[in-house]
Engineer: 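Below: one structure in structure tokens.
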Amino acid sequence: MKNAKQIRNEFIDFFKSKDHEFVPSSPIVPIGDETLLFANAGMNQFKDIFMGLSPAQYPRVANSQKCLRVSGKHNDLEEVGKDTYHHTFFEMLGNWSFGDYFKAEAIEWAWELLTNVWSINPDILWVTVFGGDQKDGLPKDEEAAKLWPKVTSIPADRVLAFGKKDNFWEMGETGPCGPCSEIHIDLGPDMCDMKNIPDHKCQVNGGCARYIELWNLVFIQYNRQPGGKLVPLSARHVDTGAGLERVVAVLQSKPSNYDTDLFMPIINRTAEISGHEYTARLGNKTDNAFRVIADHIRALTFAITDGATPSNEGRGYVIRRILRRASRFGRELGMHEPFICKLVPVVVDCLGNAFGEIAERADYVSMVIETEEASFGRTLDRGIEIFGDAAKRAQKSEAKIINGEDAFQLYDTYGFPLDLTELMATERDLKVDTAKFDELMEAQRQRARAAQKSESLIASLTNVELPVTEDTHRYHGDSCDGRLIGWIDNEGFKDQGRIETGAQVGLVLDRTCFYAEAGGQIGDCGFITSDGAQFIVETTIKIANCTVHRGKVAEGSFDVGQNLKATVSKDRNATKKNHTATHLLQWALQNVLGKSVAQQGSFVGPDYLRFDFTCPKAPTKEQLKEVENLVREKIAADMPVTWKVMPKEQAQQLGAMALFGEKYGSEVRVVAIGAEDQGQIGDAFSREFCGGTHVDRLGSIGGFKIIKEESISAGVRRITALTGFGLNDYLEKASGIVDELSVMLKVPSEVLVDRVNQLIKDNKQLSKKLKSASRATGSDAMAEAKRFLDNCEKVGETHIIVGRLSTFSVEQAREAVDMLKKKAKSAAVVLGFEDDDKATLLAGVTDDLIKKGLKAGEIIKAIAPIIGGGGGGRPQMAQAGGKKPKKINDAIAKSVEIIKEKLGA
Ligand code: ATP
Ligand code: MG
């Protein structure tokens, strides 16, 4: 039996033998196509060729395209697991002719491959052709209908005609389009999954799983113009697509795509982890969970590899939905701990040889998935309970509908995407009030919007068409002349009048050399002047195609229509250095850490640069050093920086790096480092889609240093670095500190580190010594005090214990007083000690003496002046401090007198 890999290769080899060029799949996250969330057909990457926007590099190509059908026009998410042949992620095998061969060859070769090379029984194949459309004034595709029985062995009665819905392919509202011919396979009556539907008849396009579409051949021969009119194209193209998973199931004689070697290893591993068994039955809950999980992990692995990450918006939310769905199906198999992440290596085993990128980024993908799984896992079980309650309420209601409030709570608090709630509802034959859900969602959005500190200038601009600013000058110089055509203030856009001194507004000029904030680079600041008037630009932003210079009229006034001079602040030179350095940094990081490094965001300003990138684990110190060195080498080599505006296709072919998720138009600007001029951009070592401002040669960057490397979220790291003057300032400050330390420690700077290390070590040792020393004096103090007791004077049963301790710790002295009081039972104690230039006296009296009128506080009060201080305390214990340690003995002598007097001795 052939495995999937062989089958994929046979397809490609077959078309290579027909002079086709193999072209790798484009990323599943389309680069620079804002109309599409994910690649959903092989033709996506060739769109511009079909539209005549860019020339074809090869007249014939073939490939296997990574497709994801989870959103927009093509969404097969709901079918996944319920049937055996619709996936979210699948590979589309395709062959293309760009203005080269047409219907005859496409039909003949498809048939040859299926029936000859792959030996599929021709008697179970059916084909369809376009049957015409009255409204469009399109005739039946007779050409194809005639060709099928002519160039293949299929009898004419198995060539069926269908309408526009099935057999006319259009890219969108406008653009290239044409009739198509599909090849379907009859898998036999047993495969019908609609037997219990009354009046169901198994047939091509009949909806059941007995007839499955294998291959679609699209003949692009018209262009639909705005307004709907179709005009024939001068160049006619072929675009075909065959689902690899379906072909593999047929060639491996499996009743389901899931039974093939593309899915079974994943299912088996899931069985191992969960302890459940897969029995391949359709309509069975457990088996369905196996299929959904196997499908979704493939989608996740590919999408995350190509740059999508779970989030709350756009692509990210699609990924989050798929992941949460899989996670919830995991509960059906009793899995409560993260498990999806454990399946990534299996997907890599199955497909890593055809798509090397998933092997390269496997660790990163597992980590992203695990983080997201763990976070959803924390609320999932509780969410399932909440859903259960909501479902019970719905079952009792007449409409059998889960109310919108419940669905919203599940979304908002428990992270259940609406489609997950809907899916769970369908499992119980319930519906969800999505209208109410949408309403609540919108209300929340509005609240969020209101909470956002609205930028008043922009908020004032509803329904205004702003002028377009001519801003090409920003790449050429720091000053230019322009004319004031209006301004924006809190009331909106004004195109006539005068702006007075002090006004805070946004100036709009017909042309400018100011760079408006974009692509991580901050907006320029600077000045706009005319005779006697000056406007200080604090920042520059772009609204639609209008450049707005925000700031304040510092002097004089401005009239609309007036000629002005715009001058960008010198800060921009520093910004340029940082921007070019950011490109160097990305290049160096990829060199050192591998291709898994992809830009996630950046900040480029005059003071520093910040670069966020994906990276499974923290780079080591050595790796960061290497990155720094690579950047510095390039700066030292003073290589040139050039840029060129070119069609997006061409930029992609050059391998220019784009930011995932960033929207690019059909023309893009490519900034290249290392090519002498625009014509040699192919020689550059770094090429990036970028609209920013850059230095002309690397030498002027002056220097480069990473000052911080940190993690900002799962799998994403952040580097902060300096160049030029910013770096000088930093180094200046740092060397100032070093100089100061050198003077303080009286050593040359080279040995500072050793010296400080030594100091730290000494300090540790000293404090250790001190601790043990004080412990020793602690017991010494006690022994001393005991000696005072042994030699003390007695009045009756009462001990008068006095003396000078050699300790200098109040605690120890207090302990000594307490100890003496206890030991002597009846005692008046006065102890003193000296510490540096200070004297301390302590007195303690036992309770029996207090009754007789002897109080420690009073003793202390009386003797404190002798040591030049003051003090006091309770009758039992009191303390004094003074500045005359030499007088301690006098004070003690005096205390004895006082005590004796009180005791009547
Ligand atoms: P179907 O009607 O079966 O959904 P389709 O008309 O949407 O197919 P096309 O858009 O023509 O399919 O895509 C070309 C080929 O890609 C199909 O013939 C089929 O083999 C395969 N294919 C399409 N959608 C899927 C999917 N969700 N999962 C797996 N293969 C698919
Ligand atoms: Mg479909």
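Order of appearance sets the numbers: ligands from 1, and atoms from 1 within every ligand. Positions are given from 1 along the sequence.
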Engineer: Can you list the atoms of ligand 1 that are under 4.0 Å from a heavy atom of Tyr85?
Structural biologist: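 Heavy-atom distances to Tyr85 below 4.0 Å select 28 (N), 29 (C).
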Engineer: What class does the angle between the rings of Trp215 and Phe11 fall in, given that below 30° is parallel, 30 to 60° is tilted and above 60° is perpendicular?
Structural biologist: tilted
Engineer: I need the Phe90 CZ to Arg69 CZ distance, nearest 0.5 Å.
Structural biologist: 4.0 Å
Engineer: Relative to atom 18 (O) of ligand 1, which among Glu213, Glu245, Met43 owns the nearest non-hydrogen atom?
Structural biologist: Glu213
Engineer: According to the ring-ring contact (aromatic ring centres under 6.0 Å, His included) rule, which pairs have a member within residues 152-206, sequence neighbours left out?
Structural biologist: Phe130-Phe168
Engineer: Tell me, please, which residues at least two apart from Gln203 pass side chain to side chain contact (heavy atoms under 4.5 Å, CB included).
Structural biologist: Lys201
Engineer: Any N or O on Gly243 sitting closer than 3.5 Å to an N or O of ligand 1?
Structural biologist: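 Min N/O separation from ligand 1 is below 3.5 Å for Gly243.
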Engineer: Measure from NZ or CZ of Arg298 to the centre of the six-membered ring of Phe263 and say whether it is under 6.0 Å with the direction within 45° of the ring axis.
Structural biologist: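 Positive - Arg298 is close enough to the ring of Phe263 and near enough to its axis.
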Engineer: What part of Leu214, side chain, backbone, both or neither, has a heavy atom within less than 4.0 angstrom of ligand 1?
Structural biologist: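 The backbone, only.
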Engineer: Should the ring pair His20 and Tyr101 be called parallel, tilted or perpendicular, given that the plane angle runs from 0 to 90° and is split at 30 and 60?
Structural biologist: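 The rings of His20 and Tyr101 sit tilted, inter-plane angle from 30° to 60°.
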Engineer: With heavy atoms only and a cut-off of under 4.0 Å, state how Trp169 meets ligand 1: side chain, backbone, both or neither.
Structural biologist: neither
Engineer: Output the list of atoms in ligand 1 that are nearer than 4.0 Å to some heavy atom of His87, sorted by atom number.
Structural biologist: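 In order of number, 26 (C), 27 (N), 28 (N), 29 (C).
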Engineer: Which atoms of ligand 1 have any heavy atom of Gly241 under 4.0 Å away?
Structural biologist: 14 (C), 15 (C), 18 (O)
Engineer: What atoms of ligand 1 come closer than 4.0 angstrom to any heavy atom of Met92?
Structural biologist: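 Within the 4.0 Å cut-off of Met92, ligand 1 contributes 13 (O), 14 (C), 16 (O).
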